K.L.:
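Okay, here's the structure, questions in a sec.
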Number of protein chains: 2
Amino acid sequence: MAKQKQDEGQAPKLTINDIARMADVSKKTVSRVINRSPLLNRETRDKVEAIIRETGYVPNPQARALALGRNFLIGLVYDNPNAQMILSMQRGILEALHGTEFELVIRPVDRGSNLVMDDIRGFVTRQRLFGVVLLPPMSENDALARMLDEQGCRYVRMGSAVLDDPEHMVASNDKEAVADAVRYLIAQGHRRIGLIAGPHGFRSAQERREGFEQALAEAGISLPRSLIADGQYTFESGLSASESLFDLTPRPTAIFASNDEMAAGVLYAARMRGIAVPEELSIIGFDDTPLTTRVWPPLSTVRWPIVAMGRAAALKLIGTAIGEGSEVNEPSMFSSTLIRRASVAPPAIS
Amino acid sequence: MAKQKQDEGQAPKLTINDIARMADVSKKTVSRVINRSPLLNRETRDKVEAIIRETGYVPNPQARALALGRNFLIGLVYDNPNAQMILSMQRGILEALHGTEFELVIRPVDRGSNLVMDDIRGFVTRQRLFGVVLLPPMSENDALARMLDEQGCRYVRMGSAVLDDPEHMVASNDKEAVADAVRYLIAQGHRRIGLIAGPHGFRSAQERREGFEQALAEAGISLPRSLIADGQYTFESGLSASESLFDLTPRPTAIFASNDEMAAGVLYAARMRGIAVPEELSIIGFDDTPLTTRVWPPLSTVRWPIVAMGRAAALKLIGTAIGEGSEVNEPSMFSSTLIRRASVAPPAIS
DNA sequence: GTCCCATTGGACACCGGTGTCATGAAGCAT
DNA sequence: ATGCTTCATGACACCGGTGTCCAATGGGAC
């Protein structure tokens, strides 16, 4: 059977012992070469390195992990409808991991389920993950953070929130960014501005709402409750939330949606009602997903540096591992910026 | 230092020896319990299981992998602009992996680079992956398949292609699905139908093109070369490809774009030119991404069962591992279906 | 009562690396 | 020439599981 496998042409896996034998040194010496130990004769090192290169030997990561008592797997935990965001995050994390021996293991979870906690616990303990990155809304769960601490699993939370714990948090200044966006609407002449808020319990939703309210307050514009509609960060919720805003008299001349999916919903709803964008209605979203440039007119939005934040999160995690005494100097707070596109114009003279 | 770590409240990791001591049996017996060995006294089993449950003991996967000579990591290799597709694929794979001890490790690669091959080789050998799922266009690389064979790494390719190797392939019938879509356009009365093809070298692009040509041939409609424009599966390429089709006289009354991104590009281009969709131009895309329902009018498209295909791919991979003699019976060929939305209408009477 | 077999559990080596410590050789001062 | 330190290397145990093989136990057939 074993022989048969060989016959299938599979390369027989080399071990450190094979290399040691070929180089006529002890396995420990080979181990020293692999780990760049400084107390090695240059000659010996070269000899062993040559053989490693020739044979294409790669140390077994499982054995290494076992001996070292830690492994090289980073987990990404998410529950989020925004595919583009998650993929960008994955990309950022992987950029940071590139060239290291870390790999990224992913785990989408179902926030709706009561078993999330157990699910994640199983995830980190079963594989003994080195660390995890938590995406919203998981990152807002403090019990989860405690559990990870207990399990001895490092973590970094991604959030659009206050920076209560820089070591474990990478955040963007959503509040200020939204305030900027709304100031822009006000500068264009809008006074009746609707908000489609994100789900209750999401810190990002709350931050964005506060930014919205702040900008209006600054300008001395009153904000009747009716101008705030609840959304769920989904296209459909944006669609139905707009309906209620459209029914108001007078109708708002601009709407800020707490994410792009909902902004697209607003645009779609406007189209169905025959409301011209941007002439009769200005729209601003949040996230700068590709969707914003696919629809007509392209949507103004707030862009946050997802990839850079993912990279920073990963570096925070592994920094403590590879950090040679140097502190982790990754920035923890990132700035979002307003992207101006054709979905905003001054309100029609009324 | 070690003590300090304890003080931080990290749960001390239990080993099989701890459990053995507590249960007053040998470690091998504990191992037997874990692996559900059938030749165990019921009493002993219960006793050990109780202790495992109480203590929350989880076997160290690295040690397990080392002893077993194989690990429990599945890789997903992709290079693809379609975020939604990749995420759906991840979801399908993870559904299949759920409840097993396998985890999913992801690796986006840059097809443009000459180092793709080395990159992937490094990926599978460094981590000694159990197997990988290859997404297009990686799945079309036969040299890659050979390399994986050599490395002793199982693989399953996802493709929209002929089923040359059911054991290693999960495919959808793109050709027939596209032919159906085009037949639908013909049935609506269209005779001048443009094609925006996918990138050269992509099997999916070729399949879709063949389906397109086949439907026209069936209907006895000639296809001048000018009605075929090249695209790159990106929104921008769809945009510019449409320009050349719009410049034709007479202008095509319908366009089939080989994916949704490009179809969205067509729609956008039409909007800029003031061409009404669907009155003056019908559009059909491919993939059924959420984008299709966000734009106006919603795009007709071809839906393929991504999640199910991902699940099938993963089951194929691990089936050989957990398969207790039972052959892997996952279907290898999946059907795509035409989704009719508002972007198609009979051509204007001309 | 004896023998044999089936059942159950344990001792031991092993997977492929790493840490600890000892050993031998070389370099230097005395 | 001797004694000491320094450097390079190797022997060996260990990480936490699993496979092999053998011993002990108990029950049934004779």
Side-chain angles (χ1 to χ4, degrees), chain A residues 1-2 5 11-49 51-52 55-72 101 125-128 130 152 321, chain B residues 1-2 5 11-49 51-52 55-72 101 125-128 130 152 321:
Chain A
M1 191 58 190
K5 263 186 189 168
K13 291 289 182 206
L14 289 166
T15 75
I16 199 171
N17 288 306
D18 299 324
I19 304 299
R21 205 175 311 120
M22 296 170 76
D24 198 30
V25 296
S26 73
K27 58 192 277 203
K28 182 62 209 181
T29 300
V30 178
S31 169
R32 288 203 180 92
V33 173
I34 296 170
N35 292 290
R36 309 206 186 308
S37 161
L39 15 75
L40 259 185
N41 190 329
R42 166 152 228 91
E43 229 171 281
T44 314
R45 169 185 308 274
D46 290 346
K47 181 175 61 174
V48 175
E49 275 180 348
I51 294 188
I52 290 181
T55 56
Y57 164 70
V58 181
N60 182 321
Q62 274 76 38
R64 210 169 133 70
L66 178 57
L68 255 48
R70 65 196 181 80
N71 68 13
F72 299 93
E101 44 196 338
T125 60
R126 212 183 4 260
Q127 285 297 325
R128 307 272 160 108
F130 178 84
Chain B
M1 189 59 189
K5 264 185 188 167
K13 292 289 182 205
L14 290 165
T15 75
I16 198 171
N17 288 307
D18 299 324
I19 304 300
R21 203 174 313 118
M22 296 169 76
D24 197 31
V25 297
S26 75
K27 59 193 277 204
K28 181 61 206 179
T29 299
V30 178
S31 169
R32 287 205 181 92
V33 172
I34 296 170
N35 293 290
R36 310 203 186 307
S37 160
L39 11 78
L40 259 186
N41 188 330
R42 166 152 228 92
E43 232 171 278
T44 313
R45 168 184 310 273
D46 290 346
K47 181 175 61 175
V48 175
E49 275 180 349
I51 294 188
I52 289 181
T55 57
Y57 164 70
V58 180
N60 181 320
Q62 274 76 36
R64 211 168 132 71
L66 178 58
L68 255 49
R70 66 197 181 78
N71 68 13
F72 299 92
E101 45 197 336
T125 61
R126 211 180 6 259
Q127 286 296 325
R128 307 273 160 108
F130 178 84

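Just so we're clear, the structure is a prediction, and the values are computed from it rather than from any experiment. Within every chain, numbering begins at 1; the chains are lettered A, B, ... in the order of the sequence lines, protein sequences first and strands thereafter.
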K.L.:
Among C/dG16, D/dT20, D/dT9, which nucleotide sits nearest the side chain of A/L40?
P.N.:
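The listed nucleotide nearest to A/L40's side chain is D/dT9.
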K.L.:
To the nearest angstrom, how far is A/E101 atom CD from C/dG17 atom P?
P.N.:
13 Å
K.L.:
Can you tell me if the side-chain N/O atoms of B/T15 get under 4.0 Å from OP1 or OP2 in D/dG16?
P.N.:
no
K.L.:
Round to a whole Å and report the spacing from CZ of A/R128 to C1' of D/dC15.
P.N.:
12 Å
K.L.:
Less than 4.5 Å apart, any side-chain heavy atom of A/I16 and any of A/Y57?
P.N.:
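Answer yes - side chains close enough.
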K.L.:
Below 3.5 Å, does any donor atom in the side chain of A/R32 face an acceptor in the base of D/dG10, or the other way round?
P.N.:
yes
K.L.:
So which nucleotide from D/dG17, D/dA8, C/dT18 ends up closest to the side chain of A/L39?
P.N.:
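From the listed options, D/dA8 comes nearest.
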K.L.:
Rounded to the Å, how far apart are B/R70 CZ and D/dG17 P?
P.N.:
17 Å
K.L.:
Whole Å only: how far is the CD1 atom of A/I16 from the P atom of C/dC15?
P.N.:
14 Å
K.L.:
With a 4.0 Å cut-off on heavy atoms, is A/V30 in touch with a base, just the backbone sugar-phosphate, or nothing at all?
P.N.:
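Nothing, no heavy atom under 4.0 Å.
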K.L.:
Quick check on D/dG17: is either OP1 or OP2 less than 4.0 Å from any side-chain nitrogen or oxygen of B/Y57?
P.N.:
yes
K.L.:
Let's see if you can work this out: which of C/dT18, D/dT9, D/dG10 has an atom nearest to the side-chain heavy atoms of A/K27?
P.N.:
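It is C/dT18.
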K.L.:
Send over the distance from A/N17 CG to D/dC12 P, rounded to a whole Å.
P.N.:
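The distance from CG of A/N17 to P of D/dC12 comes to 14 Å, rounded to the nearest Å.
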K.L.:
Phosphate oxygens OP1/OP2 of D/dT18: is one of them under 4.0 Å from a side-chain N or O of B/R64?
P.N.:
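B/R64 to D/dT18 OP1/OP2: side-chain N or O found under 4.0 Å.
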K.L.:
From the options C/dG10, C/dT18, D/dA8, select the nucleotide whose nearest atom is closest to the side chain of B/T29.
P.N.:
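Comparing C/dG10, C/dT18, D/dA8 against the side chain of B/T29, the answer is C/dG10.
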K.L.:
Would you check, one step at a time, whether the test side-chain contact (heavy atoms from CB on, under 4.5 Å) holds for A/V25 with A/K47?
P.N.:
CA-CA 10 Å; A/V25 296; A/K47 181 175 61 174; 4.1 Å; yes
K.L.:
Report the distance from atom CG of B/N71 to atom C1' of C/dG16, rounded to the nearest whole Å.
P.N.:
14 Å
K.L.:
When you measure from the side chain of A/N41, which nucleotide among D/dA8, C/dG17, D/dG17 comes out closest?
P.N.:
D/dA8
K.L.:
Indicate, with a heavy-atom threshold strictly under 4.0 Å, whether B/L66 touches base, sugar-phosphate, or nothing.
P.N.:
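Result for B/L66 = base.
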K.L.:
Step through the shown structure and confirm whether more than 12 heavy atoms of other residues, nucleotides or ligands are within 6.0 Å of CG on A/D24.
P.N.:
no
K.L.:
Please pick, from C/dG9, D/dT9, D/dT18, the nucleotide with the shortest atom-to-atom distance to any side-chain atom of B/N35.
P.N.:
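Of C/dG9, D/dT9, D/dT18, D/dT18 is nearest to the side chain of B/N35.
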K.L.:
Would you mind telling me which residue lines up with the more 5' stretch of DNA chain C, B/D24 or B/L68, judged by nearest nucleotide?
P.N.:
B/D24
K.L.:
How many Å lie between CG on A/N60 and C1' on D/dC15, as a whole number?
P.N.:
13 Å
K.L.:
Please check the phosphate of D/dG17 (OP1 and OP2 only) for any side-chain N or O of B/S31 closer than 4.0 Å.
P.N.:
no
K.L.:
Considering only D/dA11, C/dG10, D/dT18, which nucleotide approaches the side chain of A/K28 most closely?
P.N.:
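Minimum distance to the A/K28 side chain belongs to D/dA11.
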K.L.:
Count the heavy atoms belonging to other residues, nucleotides or ligands that lie under 6.0 Å from CG of A/N41, then report whether that count exceeds 12.
P.N.:
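Check passes, neighbour count above 12.
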K.L.:
How long is the gap from CZ on A/R45 to CZ on A/R36, to the nearest 0.5 Å?
P.N.:
8.0 Å
K.L.:
Can A/R126 and B/N60 be said to form a side chain to side chain donor-acceptor pair (under 3.5 Å), step by step?
P.N.:
CA-CA 7 Å; A/R126 212 183 4 260; B/N60 181 320; over 6 Å; no
K.L.:
Expressed as a whole number of angstroms, how long is the span from A/Q62:CD to D/dG16:P?
P.N.:
16 Å
